[in-house]
Every structure is written in C-alpha cells, then in structure tokens.
Amino acid sequence: MARRFVAGHEGDVSFPLPDDASYYDQNNFGARSKHWKRVHTGDDFSTSCGTPVLAVTDGTVIIHTDQTWSGRWLVIVSTGAGKLSTWYAHMEAILVVNGQPVRAGQPIGVVGAEGNATGCHLHLEVHPFGGTIYQDDADPRAWLQAVGVYPG
C-alpha cells in the first residue's frame, strides 16, 4: 500500500481489489446508459463474484440499506464529515458493520451482482468532500492513478 495525501486525508491508500484478482476496468465513469438515472457516478471493475473487496482508505463504515440500485447494501468508508468517502456497491456479502473503523486494504465485502447490475462487478465511487451521489463525484480510475495505487 502507498501512503499518500488525498483530499484532506493522510494515510494508506489501497486498490479496491486484491493484487492477484483478475478484473476488467469498465472505465465507465460519466457514461450515459438506460441503466442509470443520469450518468454513471462510479467506475465498474468486472471480476468474479466472491472476489474480496478492500477498503481504499482508512475510515469509518457507513452502511445504507435503502439504495436499491446498489443491492442490499451501499457501503461507504468515510474519512470524516466533509472529507473523502469511497462507496462500494453490488456486493453479495459484507464483512463490516455500521460504525466500524477500517484500514486501507482491509476486506470489507465480496463482489456480487446485486441491485442494478448486469453481472459480477464492484462499483466504486470516490467523493473527495463526502458529497451525495451527484455531488463531488470524481473519476475513480483517475483518482486511483493520481494517488499511485492503480495497477500498471
């Protein structure tokens, strides 16, 4: 893991999938499709269901169960009010509870195809200032590259 300074948060940063995971980055942030209400607010990493999902940063877990698009859970790792948050969707199982502190690279769930999904993948969103779905969303691929944890 790389130690980086990102949007008011200094700490470890991790890619959201294990080093040995085979995946395809859909690189679909900002895309338009009949599958999304407006635009796609994250990036989808297609990989096998059951692949571990890792926390991108240290933070506190917030779990929403009212966002049907994300499946049974929308897991958010928040670094603090008004600060960086990362969102994880479509998981078939989670390994964390609401309010739990986590560390970058810690498994928080497993990839699934829950909610508004057309196959097994991790939907990742990055919100540098902790905004809502259509506020301050940043391209996860570009952000992961900028902080030096995007493979390759």
Side-chain angles (χ1 to χ4, degrees), residues 1-29 40-133 135-151:
M1 278 181 287
R3 187 172 261 313
R4 304 275 188 228
F5 180 78
V6 289
H9 171 75
E10 186 171 347
D12 292 331
V13 181
S14 173
F15 190 68
L17 299 172
D19 292 340
D20 62 352
S22 175
Y23 68 92
Y24 177 75
D25 182 351
Q26 297 289 330
N27 196 21
N28 56 353
F29 174 78
H40 196 245
T41 53
D43 192 5
D44 292 337
F45 296 92
S46 296
T47 188
S48 300
C49 281
T51 300
V53 173
L54 311 177
V56 171
T57 64
D58 301 346
T60 302
V61 171
I62 301 167
I63 299 173
H64 292 275
T65 57
D66 61 348
Q67 301 295 307
T68 57
W69 67 269
S70 66
R72 290 178 275 178
W73 315 276
L74 171 62
V75 175
I76 298 173
V77 175
S78 173
T79 64
K83 296 183 179 180
L84 175 69
S85 65
T86 49
W87 297 18
Y88 311 80
H90 308 308
M91 293 185 286
E92 67 183 22
I94 59 174
L95 306 172
V96 290
V97 296
N98 199 47
Q100 178 179 338
V102 294
R103 305 286 298 170
Q106 178 178 334
I108 60 172
V110 296
V111 171
E114 303 286 321
N116 184 17
T118 57
C120 297
H121 71 280
L122 168 64
H123 173 90
L124 176 70
E125 294 192 22
V126 174
H127 294 267
F129 303 101
T132 63
I133 192 165
Q135 292 178 325
D136 87 324
D137 47 322
D139 182 343
R141 179 183 178 137
W143 187 87
L144 292 165
Q145 288 172 330
V147 297
V149 298
Y150 191 90

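FYI, side chains are in, hydrogens and waters are out, and symmetry mates aren't considered; it's all heavy atoms of this structure.
Considering every non-hydrogen atom in both I62 and S78, the closest pair reads CD1-CB, 3.8 Å. Nearest heavy-atom pair across V56 and Y88 is N-OH, 2.9 Å. Between V96 and I63, the shortest heavy-atom contact is O-CD1, 3.7 Å. Shortest non-hydrogen contact noted between H90 and N116 is CE1-O, 3.3 Å. In terms of heavy atoms, R72 sits closest to E92 at NH2-O, 2.8 Å. D12 approaches A104 most closely through the heavy-atom pair O-CB, 3.3 Å.
To the nearest 0.5 Å, the span separating CG on L54 from CG on L124 amounts to 11.0 Å. The CG atom of D43 sits 8.0 Å away from atom CG of L144, with the distance rounded to the nearest 0.5 Å. Considering NZ of K83 and CZ of F129, their distance stands at 11.5 Å, rounded to 0.5 Å. The distance from the CD1 atom of I108 to the CZ atom of R103 is 14.5 Å, given to the nearest 0.5 Å. Separation of atoms NE2 (H123) and CH2 (W87) is listed at 8.0 Å; rounding is to 0.5 Å. Taking SG of C120 as the reference point, atom CD of E114 lies at 9.5 Å (rounded to 0.5 Å).
Residues passing the side-chain contact (heavy atoms from CB on, under 4.5 Å) test with Q145 are R141, Y150, sequence neighbours excluded.
Residues L17 and P151 have side chains not in contact (no heavy-atom distance under 4.5 Å, counting atoms from C-beta outward). Counting heavy atoms from C-beta on, the side chains of W73 and T65 come closer than 4.5 Å. Using a 4.5 Å heavy-atom threshold, the side chains of V75 and V53 count as separate.
Between the T51 side chain and the V111 main chain, no donor and acceptor come within less than 3.5 Å of each other. Formation of a donor-acceptor pair under 3.5 Å by the T47 side chain with backbone atoms of S22 is found in this model.
Between F15 and Y23, the ring-plane angle classifies as tilted under the 30° and 60° cut-offs.
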Would V126 and L84 count as a side-chain contact (heavy atoms from CB on, under 4.5 Å) if you check the C-alpha gap in whole Å, the side-chain angles of each, and the deciding distance to 0.1 Å?
CA-CA 7 Å; V126 174; L84 175 69; 3.8 Å; yes
